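Have a look at the structure below before the remarks.
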Amino acid sequence: MSEKTPKLRAALDGIPTYKPGRPAPAGEAVTYKLSSNENPYPPLPGVLESAVTAAGAFNRYPDLACTGLMAELSEHFSVPLEHLATGTGSVGVAQQLVQSTAGPGDEVIYAWRSFEAYPIITQVSGAASVQVPLTSGEVHDLDAMLAAVTDRTRLIFVCNPNNPTGTVVRRAELESFLDRVPGDVLVVLDEAYREFIRDPEVPNGIDLYRDRPNVCVLRTFSKAYGLAGLRIGFAVAHEPVAAALRKTAVPFGVSQLAQEAAVASLRSETALMERVDALVAERTRVVEALLGQGWTVPETQANFVWLRLGERTTDFAAACERAGVVVRPFPGEGVRVTIGETAAMDLFLQAAEEFRKAL
């Protein structure tokens, strides 16, 4: 038997591993999971029923073209059908974007810290990551990102609101940035948390893409719509980019259950916004309580809050878990806490207050 092993791509050496939020541990005590930015509410009215009906035919392949969903998205967002592409969550579409634009010798720019999938999908493609530090206020430094553009730059991610800090880039700054980025560099506005924004100065990326051929907008059904377990997201981009996304998509990657659930979710806009408004109100309560305890909390427009704790990060996460809530630590940097049920947030706030008093 040969002692040789299959040759694998060197680009995969040392690739960072995506770390999902830890689940709540099983046991008698109630523990809340606040580590994955999930929606705590059950499916919207009619959504579960649509998915269950679709499940009756899962011996068949799903609609490859996502015909019904594409038509619904086109009408809902007033965009041409040919400007749409779907994928397995917005992170799946993000990976398709990198595959479509960048390879060995190319560069992908993004803020750091930002969404932890960016370095993974960049390295998988063989491209190089260019990480631009956030400002002291935990916001994208767009001037520094623009200065990082070279003739090797192929794609720029702007996560707005930013995960995990929750901070946003506002209209004047973002439009100025987009106007200065070279036209042959694709700018991806990752708007996974768009529905939670209440700042009127934060632009809707779909408005910005319309007259900018090098702008692509990412959206997901995982967060506000509560379909995280079905893995479905989409992109809005001009035809050449959208066509490339459809070429790089995994065939039949979006299940029929996901397609039908997404259509039903889009048709439940009133119920959706009621739930989102409730989460935003809870977000306000949590931020005000943390500020009252003496914490520094960046202004968040997402469904989570960020505490930069440095070397105290893991200790704080452990204290939260002892109190009955699982949060998302980024060791050496900080903790991201999803806005969940009121009871869960009460436990978190109590843990945060006790931790601060012990400092």
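All values derive from a computational prediction rather than experimental measurement.
- Between the side chain of Thr150 and the backbone N or O of Arg152, at least one donor-acceptor pair lies under 3.5 Å.
- No side-chain heavy atom of Val169 sits under 4.5 Å from any side-chain heavy atom of Phe177.
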*Test Asp199 against Arg171 for salt bridge (Lys or Arg N to Asp or Glu O under 4.0 Å), laying out the working first.*
CA-CA 10 Å; Asp199 184 340; Arg171 183 182 311 279; over 6 Å; no
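- Taking the ring centroids of Trp295 and Phe316, they lie under the 6.0 Å cut-off.
- Phe115 and Phe330 fall into different hydrophobic clusters, where Ile, Leu, Val, Met, Phe, Trp and Tyr are joined by side-chain heavy atoms under 4.5 Å apart, directly or via other members.
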*Go through Glu116 and Arg336 one step at a time and tell me if the salt bridge (Lys or Arg N to Asp or Glu O under 4.0 Å) criterion holds.*
CA-CA 13 Å; Glu116 64 183 299; Arg336 187 193 68 199; 5.4 Å; no
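- A heavy-atom distance below 4.5 Å is not found between the side chains of Glu173 and His140.
- You'll find the side chain of Arg154 stays beyond 4.5 Å of the side chain of Leu186, heavy atoms only.
- Looking at heavy atoms from C-beta onward, Val263 lies out of side-chain contact with Ser50 at the 4.5 angstrom threshold.
- In terms of hydrophobic clustering, with Ile, Leu, Val, Met, Phe, Trp and Tyr side chains grouped at heavy-atom distances under 4.5 Å, Leu309 and Trp306 are assigned to different clusters.
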*Could you walk me through whether Asn162 and Thr167 pass side-chain hydrogen bond (donor to acceptor under 3.5 Å, both in side chains), step by step?*
CA-CA 5 Å; Asn162 185 47; Thr167 54; 4.6 Å; no
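- Contact of the Glu175 side chain with the Leu178 side chain is not registered, since no non-hydrogen atoms from C-beta on lie closer than 4.5 Å.
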*Using the side-chain hydrogen bond (donor to acceptor under 3.5 Å, both in side chains) rule, take Thr53 and Glu260 through it: C-alpha gap first, then chi angles, then the decisive distance, then the call.*
CA-CA 9 Å; Thr53 299; Glu260 300 300 334; over 6 Å; no
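- Checked options Val108, Ile156, Leu218, Asn214; the residue passing with Val188 is Leu218 (criterion: side-chain contact (heavy atoms from CB on, under 4.5 Å)).
- Residue Glu75 qualifies as open at atom CD: its count of foreign heavy atoms under 6.0 Å is 12 or below.
- No more than 12 heavy atoms of other residues, nucleotides or ligands sit less than 6.0 Å from atom OH of Tyr61.
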*Please lay out, stage by stage, how Glu282 and Arg285 fare under the test salt bridge (Lys or Arg N to Asp or Glu O under 4.0 Å).*
CA-CA 5 Å; Glu282 183 67 4; Arg285 182 182 79 92; 2.7 Å; yes
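- Val185 and Ile109 fall within a single hydrophobic cluster, where Ile, Leu, Val, Met, Phe, Trp and Tyr are joined by side-chain heavy atoms under 4.5 Å apart, directly or via other members.
- The distance from atom CD1 of Ile206 to atom CZ of Arg219, rounded to the nearest 0.5 Å, is 4.0 Å.
- A donor-acceptor pair is defined here as one N or O able to donate and one able to accept, closer than 3.5 Å; no such pair exists between the side chain of Gln259 and the backbone of Pro62.
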Which donor-acceptor pairs under 3.5 Å do side chains of residues 81-98 form with protein atoms, sequence neighbours excluded?
unit_1, atom_1, unit_2, atom_2, d
His83, ND1, Tyr209, OH, 2.8
Gln96, NE2, Leu245, O, 2.8

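- Connection of Val158 to Phe196 is established within a shared hydrophobic cluster, with ILVMFWY side chains joined at heavy-atom distances below 4.5 Å, either directly or through further cluster members.
- Taking the six-membered ring for Trp and thresholds of 30 and 60 degrees, Phe304 and Tyr193 have ring planes more than 60 degrees apart, a perpendicular arrangement.
- A ring-centre distance under 6.0 Å is not found for Tyr32 and Phe348.
- Here Arg231 pairs with nothing under the salt bridge (Lys or Arg N to Asp or Glu O under 4.0 Å) rule; sequence neighbours left out.
- When side chains are defined from C-beta on, Phe221 does not count as touching Val47, because their heavy atoms never get closer than 4.5 Å.
- Taking CG of Leu266 as the start and OH of Tyr225 as the end, the distance is 5.0 Å to the nearest 0.5 Å.
- Cluster membership for Ile197 and Phe77, using ILVMFWY side-chain heavy atoms within less than 4.5 angstrom, is not shared.
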